[in-house]
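To keep things clear, I will list the structure first and then write my remarks on it.
Treat the numbers as computed from the prediction; the structure is a model and nothing was measured. Note on naming: letters A, B, ... go to the chains in the order of the sequence lines (proteins, then strands), and numbering restarts at 1 for each one. Only heavy atoms go into these numbers, but all of them, side chains included; no hydrogens, no water, no symmetry mates.
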Amino acid sequence: MVKLTEQEIVRRENLQKILDLGINPYPAYLYNVNSTAKEIKDNYKEGSEDYDDISLAGRLMMKRVMGKASFAELQDSTGKIQIYVNRDIICPEENKDLYNKVFKKLLDIGDFIGVKGHVFTTKVGETSIHVSELTLLSKSLKPLPIVKTDAEGNIHDAFTDPELRYRQRYVDLVVNPEVREIFKKRTKLYSSMRQFFDDAGYLEVETPILQAIPGGAAAKPFITHHNSLDIPMYLRIANELYLKRLIVGGFDGVYEFSKNFRNEGMDRTHNPEFTAMEIYVAYKDYNWMMEFTEKLLEHCAMAVNGTTQATFGEHEIDFKAPYKRVTMRQAIIDFTGFDIEGKNEAEIRTAAKGMGIEVDEKMGKGKLIDEIFGEKCEGNYIDPTFIIDYPKEMSPLCKVHRKNNELTERFELMVCGKEIANAYSELNDPIDQKERFEEQLRLSEKGDEEAGQFIDYDFLRALEYGMPPTSGLGIGMDRLIMFLTNNESIQEVLFFPQMKPEN
RNA sequence: GACUCGGUAGCUCAGCCGGUAGAGCAACGGCCUUUUAAGCCGUGGGUCCUGGGUUCAAAUCCCAGCCGGGUCACCA
């Protein structure tokens, strides 16, 4: 049994005193509410009678008791509003217990209460609720952090300890309104994206999270075991191969917001479970997908922030379409002066060494090019920029470029030097796909940890039935919302980021 | 995984040239019928992350560990 703190003991005593007064601290009845703090503050005009009979519910967040009258703050899901509680108004009879005992002594900050009354403006000009009826809706037994904001808007004693904020997100959400805004924007991003896809006529689908073969990416999976089948199973690392099966099945466009799981390191931009949105559209190619992507992101940025512009750390970025398109070859020329066109593996390795990049003999041509791009180019793209035409060996699920068989029809979208989207003209040649999987398996067996370790033969069978030409796009939803809310840590945009267990 | 910074009251923090703990808010008692970081008077509250060590004496110095932040490494 954990020892209670002084304040927790006091609150439990208050709870008992409330019970002794015959008041249920956790009533079952619904409490009818007919307005919100925000609605009243936005719309109430002094003298108006429109808000003469309002009913609100929320948490008591501050009490300023002045003898027989008090001010307090009530916080509902929309914000805070001041309430005015007068002894003789809420206790018109002889018995003043509701004011003197319950309100003044036994109600604590954090308690849920319901109030009925009328709206008025105080001497100092603050829109407030003149309370005529006060009901305890739920008692709080632990003290919340007290965060105060002064007249200049400065926040005092902000609840900032990241460990406490992430472990007790519920507390963070109660006391830090800007945190609630981040998550509202996150939801707005999802709904605006969903709307964009639905308007285009594409189908939102659900595919297996628990998979026998973790395909569609190369990453270490979380492994579990199915008891009655007695087989190992994996939490998905991607949903790509399932969405393509649905394109084989005849849908024109399918998309899914996919919780993926990767058993790898954690840092400011990686959480073991994260969300990717993937969409596949039949009869399209990656050029079409680039236009679709920039229109999508422009639409989402507007929906989330009301503007296509966004601030991220020291950078100002603009999601307004169209975005620049730069081939990987040109990007490398731009930032190193080196042209990879027509060069063999040894020449590229030498050039990379000359740029001060660590290389080893195991790196193939594609990997070397990717290293050069990652080291010298990637970080320079601040405004959204499509990097196109990636080397073939890095992209086992992507169609070979129509004009150059060493490249693939692939693009990544870079923002502030980070990748937020990845798209292909999808490989739909089953024979080529089988060979690429087998090549990945060989690389994996040779010790390349980035290569796929499984061949999904059912997926190959699906391709053998025929998949139309298709373009697919994946967007890192967590990264995108980080950009749209100016948060450099993924933990700030996940309600419950992964933490080591307490104790 | 490496390096680095941090862990003191419910919260935000000070104390860290070793002498056994402080502030503001919160809490408790009192006053106050339009306050708003309300105010005034008074009071209580701490395994100083854990475990070792040095010392007459450790929140403070040393070692190990735990938890968190940051940087780097890793990352389709």
| Which part of the nucleic acid does A:Leu164 contact within heavy-atom distance under 4.0 Å: base, sugar-phosphate only, or nothing? | sugar-phosphate
| Does B:U60 pair with anything, Watson-Crick or G-U wobble, both distances under 3.5 Å, and if so, with which nucleotide? | none
| request: Both distances under 3.5 Å, Watson-Crick or G-U wobble: report the partner of B:C28, or none. | output: B:G42
| field | Pairing nucleotide - B:A2, Watson-Crick or G-U, each distance under 3.5 Å | value | B:U71
| task | For A:Leu106 and B:C28, give me the distance from atom CG to atom C1', rounded to whole Å. | result | 13 Å
| request: Report the distance from atom CG of A:Leu4 to atom P of B:A27, rounded to the nearest whole Å. | output: 18 Å
| query | Has A:Lys63 got more than 12 heavy atoms of other residues, nucleotides or ligands less than 6.0 Å from its NZ? | reply | yes
| note | The side chain to side chain contact (heavy atoms under 4.5 Å, CB included) partner of A:Phe495 among A:Val179, A:Leu173, A:Ile182 is A:Leu173
| If we call it a pair only when both distances are under 3.5 Å in a Watson-Crick or G-U wobble match, what pairs with B:U36? | none
| query | At under 4.0 Å, does any side-chain N or O of A:Arg167 touch on OP1 or OP2 of B:G68? | reply | yes
| task | Would you kindly give the CD1-to-P distance between A:Ile369 and B:A76, to the nearest whole Å? | result | 17 Å
| task | May I ask you to say whether A:Lys367 pairs ionically with A:Glu371, meaning some side-chain N is under 4.0 Å from a carboxylate O? | result | yes
Distances under 3.5 Å only, N/O to N/O: pair up the protein atoms with those of nucleotides 4-7 of chain B.
none

| request: Would you indicate what A:Gly216 reaches in the nucleic acid, counting non-hydrogen atoms under 4.0 angstrom: base, sugar-phosphate, or nothing? | output: base
| said: Does A:Ser395 reach a base, just sugar-phosphate, or nothing at all? Heavy atoms under 4.0 Å. | reply: nothing
| task | Would you check if the side chain of A:Asp478 reaches a backbone N or O of A:Thr275 as a donor-acceptor pair within less than 3.5 Å? | result | yes
| task | Over 60° means perpendicular and under 30° means parallel, so classify the ring planes of A:Trp288 and A:Phe292, tilted if in between. | result | parallel
| Between B:C11 (C1') and A:Ile155 (CD1): distance, integer Å | 14 Å
| task | Give A:Ala238 one of three labels, base, sugar-phosphate or nothing, depending on what nucleic acid heavy atoms sit under 4.0 Å from its own. | result | nothing
| message | Apply side-chain contact (heavy atoms from CB on, under 4.5 Å) to residues A:Phe459 and A:Arg245 and explain how you reach the verdict. | response | CA-CA 7 Å; A:Phe459 172 68; A:Arg245 283 172 169 95; 3.9 Å; yes
| field | Spacing of A:Gln168 atom CD relative to B:G10 atom P, expressed in whole Å | value | 12 Å
| said: Would you say A:Ser70 and A:Tyr84 are linked by a side-chain donor-acceptor pair, where the criterion is simply a distance under 3.5 Å? | reply: no
| Can you tell me how far P of B:A26 sits from CZ of A:Phe159, to the nearest Å? | 17 Å
| said: If only side-chain N and O atoms count, and only distance matters, is there a donor-acceptor pair under 3.5 Å linking A:Asn14 with A:Asp108? | reply: yes
| task | Tell me what A:Glu358 touches on the nucleic acid: a base, only sugar-phosphate, or nothing, going by heavy atoms under 4.0 Å. | result | nothing
| request: Determine whether any donor atom in the side chain of A:Gln7 lies under 3.5 Å from an acceptor atom in the base of B:A9, or the reverse, and answer yes or no. | output: no
| field | B/S/- contact track for nucleotides 29-37 of chain B, protein heavy atom under 4.0 Å | value | SS-BBBBBB
| remark: note: A:Glu419, atom CD; B:C74, atom C1'; distance rounded to Å ~ 15 Å
| field | Of residues 263-280 of chain A, the positions that come close to RNA chain B - non-hydrogen atoms, cut-off under 4.0 Å | value | A:Glu264, A:Asp267, A:Arg268, A:His270
| Would A:Asp53 and A:His118 count as having a side-chain donor-acceptor pair, cut-off 3.5 Å? | no
| Applying the side chain to side chain contact (heavy atoms under 4.5 Å, CB included) test to A:Tyr51, which of A:Ile129, A:Thr127, A:Asn43 qualifies? | A:Asn43
| request: Whole angstrom is fine here: how far is it from CG in A:Asp111 over to C1' in B:A26? | output: 14 Å
